[in-house]
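Report on the structure given below.
We use all heavy atoms of the structure for the numbers below, so side chains are in, but hydrogens, waters and symmetry mates are not. Note that ligands are numbered from 1 as they come in the structure, with each ligand's atoms numbered from 1 the same way.
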Amino acid sequence: MPDENGIIHYTQEEDQTWQILYDRQIKLLEGLACNEYFAGLIKLDMPTDRVPQPLEISKKLKQLTRWQVEPVPALISFGKFFELLANCKFPAASFIRRREDLDYLKEPDIFHEVFGHCPLLTDPNFAKFTQKVGEVGLGLSREDRALLARLYWFTVEFGLIRQKDGDLKIYGAGIISSKSESVYSLRSDIPQRLEFDIIEVLRTGYRYDELQKVYFIINSFEEMYNILNQNYETAFAKAKELGLKEEAKPNDILVGC
Ligand code: CO
């Protein structure tokens with residue numbers, strides 16, 4: 001956790017872990033991640049050879065889209081989660097994975113949070129969408145918050161985007177920060193890649209402990225924001241009326257990421 005000046009003290013080994021993860025993933029993402037992600041990465045100009053400080057990332061984000069990074073314990077309640085998003089504060093775990101967990105980690109760590117999530121928060125439409133998720137979440141019942149968590153999962157965490165030239169790319173942070181899923185999500189024949197349909201998204205259960213079986217494709221962050229902003233009440237009512245597409249999985253929860 002941060003000291004009284006907001007600084008988190010990472011060890012040399014932890015800084016090296018960041019460097020290994022960053023170097024490996026940046027090479028892998030070429031041709032896979034969306035243009036908006038790379039544009040955000042340039043704007044943030046985060047260090048590559050040490051763990052970035054949430055404060056330095058917040059300083060840049062604040063200037064661009066008024067967002068900031070809020071260090072939190074690994075698990076927080078839905079209520080706290082949506083409240084932070086509504087206030088343009090991105091809840092972020094601050095620990096970094098151990099060397100033996102380099103390839104896969106169940107809980108989000110700072111590599112996932114900062115490398116995966118923060119670049120897109122520099123995009124005005126993506127930032128607006130994320131804030132809107134928070135605002136909508138604050139006004140929902142417990143049952144409806146579970147549906148909203150699915151929307152968050154299939155967009156902010158595991159979304160795909162069709163770029164203007166027609167190419168399919170990754171924007172979800174769960175994919176961006178994953179060595180295996182960044183390739184699998186676009187190249188594998190196993191998962192379904194469906195056009196984004198908010199009602200279908202709200203009706204689709206997910207697992208956080210395995211590669212996804214379905215991804216949803218949006219055409220732009222502006223479109224994604226407009227769909228949520230204009231239609232969410234009708235969409236929630238319709239999704240509840242139709243019910244879950246598959247039986248609800250016990251781990252259909254949001255793990256603070
Ligand atoms: Co996340």
query: Nearest to the Co ion (ligand 1), which N, O or S atom of Glu157 do we find?
result: OE2
query: Any idea how Phe158 and Trp153 line up, ring-wise: parallel (<30°), tilted (30 to 60°), or perpendicular (>60°)?
result: tilted
field: Pairs meeting criterion salt bridge (Lys or Arg N to Asp or Glu O under 4.0 Å) with involvement of residues 210-238, two or more places apart
entry: Arg207-Glu210, Glu210-Lys213, Lys238-Glu241
field: Non-neighbouring partners of Phe216 that pass ring pair (Phe, Tyr, Trp, His ring centres under 6.0 Å), sequence neighbours left out
entry: Phe154
query: For the Co ion (ligand 1), does an N/O/S atom of Glu113 lie at less than 2.8 Å?
result: no
task: Start with the C-alpha distance between Phe129 and Val156, add both sets of side-chain angles, then the distance that settles side-chain contact (heavy atoms from CB on, under 4.5 Å), and finish with yes or no.
output: CA-CA 9 Å; Phe129 172 80; Val156 176; 3.9 Å; yes
- request: Take the Co ion (ligand 1) as the vertex and measure to NE2 of His112 and NE2 of His117; round to 10°.
  value: 90°
